[in-house]
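Please read the structure below before turning to the comments.
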Amino acid sequence: MKIVSFNIKNFKSVGPDGIDFDFSENFIALIGENNVGKSSIMLALDYFFSGTKTIPTKYFHNLKTNQQNAILVEVKFNKLSNRDKSHQAIQSYIYTDPNTNEETWTLRKIYYYGEDGKAACDYVAIVNGEEKPNPAGRQTNVDDLFTDEKMQKIFVPAVQEIAEIVDGKKKTPFQQIFQLLLSEELQGTDQYKALMSALGSYAELFKGETKHSKVQEIEGMITEKMKRIINASGLIDVELPAEDKLLPIPTLSTDDGRPVPVAPADQGHGLQRSLIFALLELYAEAISAPDKEVGVTNLLLIEEPEIFMHPQMERKIANVLYTLSESGHVQVICTTHSPIMIRLMEKQKSLVRLIRTEENKLEAIQVKEDIFSGDSEAKKKTLRMVLNFDSSAKELFFAKRVILLEGDTEYMIFPRVADLLGIFETTENKIKKDDVTLINCRSRNNIPIFQEVLNYFKIDYGVVHDLEGQSATEGKNQEILEFLGNDENRRKYFDPKIEEILGIEEERPKWLKALEKVEELQNDNKLEEKLGDFARFIYGIS
């Protein structure tokens with residue numbers, strides 16, 4: 001089974017209105033300002049899949065812990081295997097989604113503190129909107145679904161001691177990924193089969209006629225004690241240890257040419273982090289083999305995969321994570337501040353921007369329908385080309401304010417214009433400069449494409465462009481204005497175009513000649529008159 005969607009309410013910064021996520025593309029990149037609530041989403045899912053029944057009071061929204069303000073985490077699953085559908089927690093609670101005609105199962109966990117101050121956790125199956133409490137009787141029967149051999153969750157926090165990550169004696173990301181790589185191959189070895197046969201023979205010492213005399217003696221003593229209270233006998237049985245308990249306990253060190261191997265804790269943060277991604281890459285290669293059947297789907301939660309990594313390594317990490325999500329074996333959720341991790345055109349639903357509303361509520365903006373109007377495929381193709389040519393344009397998703405510029409000339413000269421005019425002399429204005437991201441749209445025709453994306457994700461922006469011989473309310477100029485909500489205060493335009501104003505229309509390359517012209521205008525004390533208002537508009541300085 002795999003996750004198709006999930007909902008979270010009353011967890012940390014997530015309020016009672018809750019937020020919903022579409023996970024149908026198997027990859028979600030959570031973006032947003034620092035401290036907006038990205039880690040809250042990861043932590044809520046970590047609690048859901050860990051089987052923990054108690055959530056600390058500090059994680060309840062506004063510290064309200066009663067049942068009326070309970071934390072709610074609801075996860076909807078599809079792609080149910082026959083094994084899934086036969087599980088006691090699922091078999092009577094399957095619902096066929098009328099929109100997709102797929103069989104689904106939805107589990108809701110509700111965390112709160114009772115009037116006696118004790119923690120409580122209710123498990124509820126949701127069938128066609130109807131609540132079905134305790135779907136498997138005992139909660140441990142439900143949690144059994146999220147174990148190593150069925151669906152396991154691997155959580156890699158942004159900040160964690162490397163010793164905790166690679167310690168083979170604990171259930172750590174290193175141990176989990178190591179065992180995922182090993183388990184299937186080991187099961188086919190003669191040694192593994194011999195071990196299981198030996199364990200089976202050992203288990204016979206506790207069963208039926210082959211039961212060991214000491215076991216029988218202990219049963220007899222238990223029965224004797226029990227019969228003082230109730231007419232019943234005591235029976236002893238055993239279960240074979242779970243597969244993950246049979247795998248060797250891994251420890252890890254690195255050989256970087258020193259006389260002895262070095263513990264990861266004694267290495268740099270970059271190497272420490274790369275150990276996890278080395279294993280993830282191996283796992284991605286193993287499960288992406290053409291002859292590999294899709295079986296268990298695991299969940300990888302990873303915070304800021306880019307930290308401590310140089311840009312080339314970031315791209316490699318992004319490729320690994322997307323490969324994992326496309327394999328069908330792993331669903332990935334990551335938090336990120338890196339434009340390299342964003343692939344909006346390939347997986348539109350993968351990007352989720354978290355923002356705070358004016359009422360300080362957390363809102364999740366995710367593409368759940370096509371962003372673009374009209375010929376959407378042509379617009380996607382154009383935007384993909386621009387982003388591939390200039391990956392820095394993806395920085396718009398992380399900006400407080402974006403300025404869409406028509407082309408190279410505007411993009412190259414305005415930071416220099418602002419410097420020459422002394423716009424950034426005050427501390428306040430320096431901060432405003434850092435809050436603005438300039439985007440080179442490479443054509444006036446491309447500006448509305450960027451506008452549709454910015455409008456969808458509720459990112460503040462303005463536009464600077466040429467009228468190109470049309471009136472301000474004609475053709476493409478009118479389209480740009482309409483996407484701005486018909487607010488002329490959000491754009492400035494050149495008429496005639498900027499190259500004519502600077503007198504460089506026939507020069508090549510225009511942007512280089514424009515920079516030279518800007519210096520000339522400053523020396524002639526004409527720069528303020530020509531471009532001062534534009535520079536102040538761009539950087540939000542009055």
Side-chain angles (χ1 to χ4, degrees), residues 20-22 24-25 27-33 336 339-355 357 363-408 410-411 435-468 470-493 537-538 540:
D20 297 291
F21 297 87
D22 183 323
S24 58
E25 291 189 340
F27 191 100
I28 287 179
L30 297 170
I31 65 170
E33 295 183 3
T336 185
I340 293 174
M341 294 292 163
I342 294 177
R343 297 186 179 177
L344 181 66
M345 294 300 97
E346 289 79 7
K347 289 181 175 286
Q348 285 201 50
K349 295 178 181 179
S350 68
L351 187 62
V352 179
R353 182 171 183 252
L354 298 178
I355 63 171
T357 66
E363 181 181 356
I365 304 172
Q366 181 181 22
V367 179
K368 296 183 179 178
E369 57 189 26
D370 204 329
I371 294 176
F372 303 107
S373 58
D375 189 350
S376 62
E377 290 305 314
K379 292 180 179 180
K380 289 176 189 175
K381 182 178 180 180
T382 299
L383 186 57
R384 185 181 293 110
M385 289 173 61
V386 174
L387 295 178
N388 287 343
F389 184 79
D390 181 12
S391 61
S392 66
K394 295 179 185 177
E395 291 179 15
L396 64 86
F397 293 107
F398 302 90
K400 286 188 176 180
R401 174 174 164 81
V402 171
I403 295 295
L404 300 178
L405 301 172
E406 179 172 324
D408 294 339
E410 295 89 343
Y411 184 75
D435 286 342
V436 174
T437 296
L438 306 182
I439 300 297
N440 182 355
C441 297
R442 305 190 180 277
S443 166
R444 183 186 63 151
N445 290 337
N446 293 341
I447 291 175
I449 300 175
F450 280 89
Q451 286 182 278
E452 288 191 77
V453 174
L454 290 165
N455 286 343
Y456 192 94
F457 285 98
K458 299 184 180 180
I459 299 172
D460 180 35
Y461 71 96
V463 181
V464 175
H465 66 97
D466 297 328
L467 290 185
E468 303 286 359
Q470 296 177 313
S471 74
T473 55
E474 182 182 2
K476 191 63 66 174
N477 300 329
Q478 176 62 23
E479 184 180 355
I480 291 170
L481 182 60
E482 288 175 357
F483 278 123
L484 288 168
N486 293 308
D487 184 356
E488 282 287 10
N489 293 320
R490 295 177 62 192
R491 76 167 174 176
K492 286 190 77 67
Y493 48 78
F537 167 78
I538 287 170

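Please read all numbers here as calculations on a predicted model, not as lab measurements. Start at 1 with the first residue, then count along the sequence.
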Compare every heavy atom of [Y] with every heavy atom of [X], then report the nearest pair and how far apart it is.
| X | Y | answer |
| --- | --- | --- |
| Phe483 | Pro448 | CE1-CB, 3.8 Å |
| Phe537 | Arg401 | O-NH2, 3.2 Å |
| Ala472 | Leu467 | CA-CD2, 3.9 Å |
| Ala399 | Ile459 | O-CG2, 4.2 Å |
| Ala29 | Thr336 | CB-CG2, 4.3 Å |
| Glu395 | Thr437 | CB-CG2, 4.1 Å |

Between the side chain of [X] and the main-chain N/O of [Y], is any donor-acceptor distance below 3.5 Å?
| X | Y | value |
| --- | --- | --- |
| Glu410 | Gly407 | yes |
| Arg353 | Lys458 | yes |
| Asn446 | Thr382 | no |
| Asp435 | Lys400 | no |
| Lys368 | Asp22 | no |
| Gln348 | Val367 | no |

Item to check | Check against salt bridge (charged side-chain N to carboxylate O under 4.0 Å, His left out), Glu468 and Lys476 | outcome: CA-CA 9 Å; Glu468 303 286 359; Lys476 191 63 66 174; over 6 Å; no
So how far is it from [X] [atom1] to [Y] [atom2], rounded to the nearest 0.5 Å?
| X | Y | atom1 | atom2 | result |
| --- | --- | --- | --- | --- |
| Ile538 | Leu438 | CD1 | CG | 6.5 Å |
| Arg491 | Leu404 | CZ | CG | 12.5 Å |
| Tyr456 | Ile365 | OH | CD1 | 8.5 Å |
| Leu405 | Asn440 | CG | CG | 7.0 Å |
| Leu454 | Ile439 | CG | CD1 | 8.0 Å |
| Leu344 | Lys394 | CG | NZ | 9.0 Å |

Next on the checklist: If you count heavy atoms of other groups shown closer than 6.0 angstrom to CD of Glu488, is the number above 12?
Outcome noted: yes
Checklist entry - What do the steps show when you test Ile28 against Phe21 for side-chain contact (heavy atoms from CB on, under 4.5 Å), and what is the final call? => result CA-CA 9 Å; Ile28 287 179; Phe21 297 87; 4.2 Å; yes
Checklist entry - Heavy-atom distance under 4.5 Å between the side chains of Glu482 and Thr473, does that happen here? => result no
Next on the checklist: Walk me through whether Arg442 and Asp408 qualify under side-chain contact (heavy atoms from CB on, under 4.5 Å).
Outcome noted: CA-CA 7 Å; Arg442 305 190 180 277; Asp408 294 339; 3.3 Å; yes
Item to check | Among Phe457, Tyr461, Phe450, the one residue meeting ring pair (Phe, Tyr, Trp, His ring centres under 6.0 Å) with Phe397 | outcome: Phe457
Checklist entry - Can you tell which of Gln470, Glu406, His465 makes a side chain to side chain donor-acceptor pair (under 3.5 Å) with Arg444? => result Gln470
